[in-house]
Structures are given as C-alpha cells and as structure tokens.
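For reference, the structure is listed below as structure tokens.
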Amino acid sequence: MTGKLSPIDNAKYVAARRAAEMVQDGMRVGLGTGSTAAWLVRRLGERVRDEGLKIKGVPTSTATAQLAREVGIEVVSLDQAGWLDLTIDGADEFDGELSLIKGGGAALLQEKIVATASDQMVVIADAGKEVEALGAFPLPVEVIPFGWQTTRTLIEEALDTMDVLGTSVTLRMNGEAPKITDEGNHILDLHLQRIGNPRQLALVLNQVPGVVENGLFIDICDKVVIGHGDGRVELRDINEGTVEVDELGDDGENLFSDLAD
Ligand code: 5RP
C-alpha cells in the first residue's frame with residue numbers, strides 16, 4: 001500500500017493497533033477475520049518480529065491462518081490451545097450493549113466458537129459500525145447445503161413472528177455459485193432492517209433445522225475499540241462501564257508500506 005491511508009482504513013488501523021497493545025507475552029489469542037482483523041494480525045506480526053512477543057494465535061478462518069503464518073505468528077488450532085486469553089475480531093455492527101452482527105466475511109461460525117472459548121472478546125471497528133439498533137446490515141446465518149431452500153422457508157416463517165422490519169432472505173453468492181464457508185456450508189443473509197429483540201431472534205434462528213449458527217453475538221463481546229479517521233480511538237468496556245479516549249495519529253502508511261496496493 002502506498003500513500004496515506006484513507007480515513008476508513010486509518011480508523012480500522014488505529015482500532016487494531018490499540019487492541020494489539022492488549023496482547024501480552026504468553027497469551028493464547030483468537031484472531032478474527034476481515035479487513036480490520038487483518039490490520040490486527042499484521043500489527044501482532046510486527047510485535048512478534050520487533051519485540052519478540054511470544055503468543056499462540058488461533059485463527060477464525062483459512063484466510064486469517066494464512067496471513068498469521070505469513071507475518072510470523074505461531075498458529076495453533078482451538079483444540080490445541082484449549083482455552084484463549086483474548087479474542088480480537090471485527091464486526092459488521094455493534095450496539096450500546098455490545099451485541100454484534102458478524103459474518104460479513106462468512107466466518108461467523110469459527111468466530112463465534114473462538115470468541116466464546118475466550119476469557120475476553122474485544123471488537124475492533126471503525127465508528128461507522130455503531131448502531132442504535134442492529135439489523136441494517138443483513139444478518140448472516142450459516143446453513144448446511146442439504147435442503148437449504150427448505151431451511152430458508154422455515155426461517156422466513158419464523159421471521160413472521162419476530163420483531164423485525166424486513167423478512168427477505170437471500171443466498172450469498174460467490175459469482176455464479178453459492179458462497180461456501182470454511183466449514184463447507186452456505187450463508188443466508190436476512191434483510192431485517194431493524195431487529196427489535198436480538199436475543200430472542202438468535203435463539204429462534206438456532207432452533208430451525210439446517211441452521212448451523214447465526215451471526216448475532218449476544219453477551220460475548222466485553223470491549224470495543226472504536227477507531228476514527230483522524231486517529232482517535234475510543235475504548236469502551238461494557239463490564240466496567242468505562243470509556244477511554246486515545247490519539248494514535250495515522251502512521252499506518254509507514255508501518256504497512258510493504259503491502260501491495
Ligand atoms: C467476518 C466478520 C468481520 O469481522 C466483519 O465482516 C467485519 O469485517 P471488516 O473488518 O472487513 O469490516 O464478521 O465474518
């Protein structure tokens with residue numbers, strides 16, 4: 001990458017950089033998926049290289065596993081790690097209770113398992129991901145390929161009884177073919193516009209035969225690091241009820257000058 005980071009990339013970068021400071025020697029760390037999480041993985045790779053930081057990383061997708069290895073992080077499976085000290089991941093939306101929509105990158109299943117197997121989950125996000133109510137971002141639901149159209153019909157029926165504004169459900173595509181997740185499944189995107197009761201919806205969706213997991217993360221996230229385009233970062237801790245603000249500037253262009261455009 002050459003030149004200055006765009007405001008949105010700088011927001012993601014500073015959030016990732018602030019969260020990377022939470023990682024300490026000896027930790028087992030869940031590594032999220034997506035463009036914000038990729039900044040984190042690169043930053044941790046730098047710390048491994050420059051500071052001799054010793055961590056074991058548990059990636060949440062094949063893409064993250066590949067990047068983590070490339071930047072020199074020791075990669076282990078969740079079963080090898082057993083339990084994690086910390087997971088840091090991006091999100092598509094978060095609300096005031098730190099409930100999340102995740103799965104825009106189709107990795108929600110591994111992401112939810114890894115985050116749940118962690119003492120702490122920290123979300124890193126640009127400020128545009130914060131919402132009053134979840135649901136403007138289509139809610140991803142991972143379903144097995146067998147009978148997926150029946151599963152979709154059952155989901156649509158279930159949505160009729162839920163507090164949501166929209167009920168259309170689409171199969172995520174990769175070009176002409178359905179998107180296949182790392183676990184060999186499909187993704188249905190639920191266009192709900194507004195989710196009145198995310199907790200109830202998460203429970204109902206997981207009762208539908210064929211649904212493997214949904215992208216609502218409720219009571220999983222502990223902290224959010226919100227990046228702004230001007231380099232400010234805000235750290236909110238839902239358990240402590242605290243908010244910290246830092247100024248990290250925009251030196252991402254130097255740190256990541258080796259990236260291809
Ligand atoms: C992948 C995810 C991502 O964390 C989410 O889509 C946010 O991605 P990005 O950081 O690229 O905006 O849930 O399944």
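Both counts, for ligands and for their atoms, begin at 1 and track the order of listing.
Rounding to the nearest 0.5 angstrom, the gap separating the CG atom in Asp126 from the NZ atom in Lys12 is 5.5 Å. Considering CD1 of Ile144 and OG1 of Thr151, their distance stands at 6.5 Å, rounded to 0.5 Å. In this structure, CZ in Arg42 is found 10.0 Å from CD1 in Ile73, a value given to the nearest 0.5 Å.
Leu98 belongs to a hydrophobic cluster whose other members, connected by ILVMFWY side-chain contacts under 4.5 Å either directly or through intermediates, are Phe94, Leu100, Met121, Val123, Phe217, Ile220, Val224, Ile226, Ile238.
For the pair Gln24 and Ile55, the tightest heavy-atom approach, listed with the atom from each and the gap, is O-CG2, 3.8 Å.
Clustering ILVMFWY residues whenever any of their side-chain heavy atoms sit less than 4.5 angstrom apart, transitively, puts Trp83 in a cluster other than the one holding Leu86.
The contact shell of ligand 1, taken as protein residues with any non-hydrogen atom closer than 4.0 angstrom, comprises Lys12, Thr33, Gly34, Ser35, Thr36, Asp89, Gly90, Ala91, Asp92, Lys102, Gly103, Gly104, Gly105, Ala106, Ala107, Glu111, Lys129.
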